[in-house]
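Counting convention: from 1, in listed order, for ligands and their atoms alike.
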Amino acid sequence: MEQDHKNGIVVAEDDPVTSLLLVSILKKWGYEPQNVRDGCSALRVLRNSKTPKVVLLDWLMPGMDGIDVVKNIRKNHAELNHYIIMLTSRSNKEDVISALDTGADDFVPKPFDPGELKARIDVGHRLISLNQELIRATQNANRLADFIAHYDQTTGLPNRVSFTEKVEQFIANKGVGTLMLVNIDRFKLINQAKGLDLGDLLLNYFGARLKALFDDNTIVARITADEFGVFIPMEQETDVFSDGVSDFLISQTSLIHTAMHEPFPIDNGISLTVSIGACPVTPDIPGQAEEFMRRADTALGRAKASGGNRTIIHDAQMEREIKERYSIEKDLSSAIGRKELRMFLQAQVDENVLFTGAEALVRWEHPSRGLLSPVIFIPIAEESDLIVKLGNWMLEEVCNLLKKHEGKNFSLSVNISPKQFYRPEFVSEVLNCINRHDITGHRLILEVTEGLLVKDVSEVAVKMQQLSETGIRFSIDDFGTGYSSLSYLTKLPISEIKIDRAFIKDLPGDTQSAAIVDAIVAMAQTLGLKLVAEGVETEDQMHFLSQKGRMFYQGFLFSRPAPAAEILSSWL
Ligand code: C2E
Ligand code: CA
Ligand code: CA
């Protein structure tokens, strides 16, 4: 008999003779049985027993009989796993079946045969042992599953689920702290250049170094591939978040920036830069862990967008911008269908202030916000396919207007976003548009930015060429602000350059602007390109520019953007 079975037997028998006999025989076999004389005591002992027992349970007892004890234990304490052997002189088959049905495990008829009893007790203990082992194995498996569900296999750090849970618990306890998302800059490049194994190794070192920067109260976790979460619980609220941007947060994040700059002992030393989005976690801000994660993520997005290697701390202003952005994006998708877009025109004139054409500029008549500037919604539209719809709508309006004023001598310029231009359907859409309106392309100017041109010169060239054949002209918008690679000017069918307002606004006083304008003018003259000066606001500016050579002008000095009909009726 195994040592831990020694105390593993309970005898519940009201008949003193049988009880005595059982106890003495069990003792002879090395057991130290617990002995009770009625059903209620049996129930109490079994309920309180932490480890599973083999129970010799008499069927008929005063008060509560054996069957009731079994029923009660199985119903209310199924987890106890006692092995219950019924003892009874009622040995007919129906009785045996009914005893087993209520939850007894085995059955020994009275008067009992000691050999049989011993064998059945041994079976009971064996089953109990097996069962215990099974429970332990299941617990281990559960622990493993729990580990896998809560920890990252590569770094051994808690994962996103676990991080969020821990922060959640912390918030529930009204704690304050700071939450940071730390993202490795250009990690993808390292992965691609050096392979996934080295990438994993680097992540491992990175996680360990990050963890080592903080004490044990700080939670450091791996959130996604190259993104780690850090949550620093704080003692008091006041010393941390006086103005939203706290000295504390800045000191902690600069700790991280500095540490990650130190070379990691891989591939002759790799040093990293990180982007960090951080936010204060305070119980007075409504929201749960996910909300704080979102805020830190928003800040991280900004840190990345502004070039990386920096920390941005989330604040209320950012939140307002995000909400505003979201609501604009939501409304914008139905703006076209609800006919809320307007086409404004801004006149362009020659040196004699005679009308030569106009630039089409979109406006949005928002139902509650009023007339919105494209500066607010174009960047949002550019992030989705909305810019394509919007651009096509403008093109449609411009073609429509050109048809309406057929035979007149002015051109219309329309802005084309890179996303629109790079679509495979772009050329056919423009061609369809002019064909549908039964116009030729020679009064239509498409304004594109320098950024678009350098991306894929051969694709750009093919598309521009196809469109040029209809007479459509191309203009480089915001010239001088983008890429300085000018070789495209000779390779592409470009006929016009618009000098960006940035170089006009400080004329004539600013010598640097003047020098840039001189260079642009010289270049345009060499290449035979038409020049348009944007954002001309003063007579002095115009006078200065007019001395440089032939030029066209667009700006508030001549015309503010206004509804198309208004512009055409006053200038034609
Ligand atoms: P942009 O193409 O450079 O357009 C010129 C912008 O400068 C216009 O702003 C115009 O109102 C402004 N402007 C013109 N003259 C002056 C001046 O003398 N002084 C000052 N301070 N500003 C002047 P707007 O209409 O707000 O458009 C802003 C930008 O939005 C445009 O810049 C263009 O990039 C974009 N945009 C406008 N309409 C469309 C469109 O239909 N499609 C696309 N893709 N973008 C558009
Ligand atoms: Ca433009
Ligand atoms: Ca421009």
By number and element, which atoms of ligand 1 are closer than 4.0 Å to a non-hydrogen atom of [X]?
X	value
Glu537	17 (C), 18 (O), 19 (N), 20 (C), 21 (N)
Pro561	11 (O)
Ser373	26 (O)

Contact check: [X] vs ligand 1, nitrogen or oxygen atoms, below 3.5 angstrom:
X	value
Val362	yes
Gln554	no
Gln420	no

Has [X] got more than 12 heavy atoms of other residues, nucleotides or ligands less than 6.0 Å from its [atom1]?
X	atom1	result
Arg560	CZ	no
Lys403	NZ	yes
His543	NE2	no
Tyr422	OH	yes
Lys194	NZ	no
Lys404	NZ	no

Would you mind telling me if ligand 1 is within reach of the side chain of [X], the backbone, both or neither, using heavy atoms under 4.0 Å?
X	result
Lys505	neither
Lys498	neither
Glu534	side chain
Leu557	neither
Asp478	side chain

Nearest option to [atom], as decided by whichever heavy atom of [options] sits closest:
atom	options	result
atom 46 (C) of ligand 1	Val414, Ile378, Thr449	Ile378
atom 26 (O) of ligand 1	Ser559, Gly555, Pro374	Pro374
atom 22 (N) of ligand 1	Phe558, Phe344, Phe556, Phe377	Phe556

Exercise for the section: Give the atom name of whichever N/O/S atom in Glu359 sits closest to the Ca ion (ligand 2). Expected result: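 It is OE2, the N, O or S atom of Glu359 closest to the Ca ion (ligand 2).
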If the cut-off is 3.0 Å, does any N/O/S atom of [X] fall short of it from the Ca ion (ligand 2)?
X	result
Asn415	yes
Asp477	yes
Glu447	yes

Exercise for the section: For the residue pair Phe228 and Phe206, categorise the inter-ring angle as parallel (less than 30°), tilted (30 to 60°) or perpendicular (more than 60°). Expected result: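 The rings of Phe228 and Phe206 sit tilted, inter-plane angle from 30° to 60°.
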Do [X] and [Y] have side-chain heavy atoms sitting under 4.5 Å apart?
X	Y	result
Phe474	Leu467	yes
Asp350	Arg550	yes
Val414	Leu446	yes
Met318	Ile312	yes

Handout entry: Close approach of Met343 to ligand 1, heavy atoms, under 4.0 angstrom
Key =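 Heavy atoms of Met343 never come under 4.0 Å of ligand 1.
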Problem - Contact check, Glu382 vs ligand 1, heavy-atom distance below 4.0 Å - result: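 Distance cut 4.0 Å: Glu382 fails for ligand 1.
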Practice task
Give the C-alpha distance, both sets of side-chain angles, the deciding distance and a yes or no for side chain to side chain donor-acceptor pair (under 3.5 Å) between Glu359 and Ser413.
Solution key: CA-CA 5 Å; Glu359 176 177 1; Ser413 302; over 6 Å; no
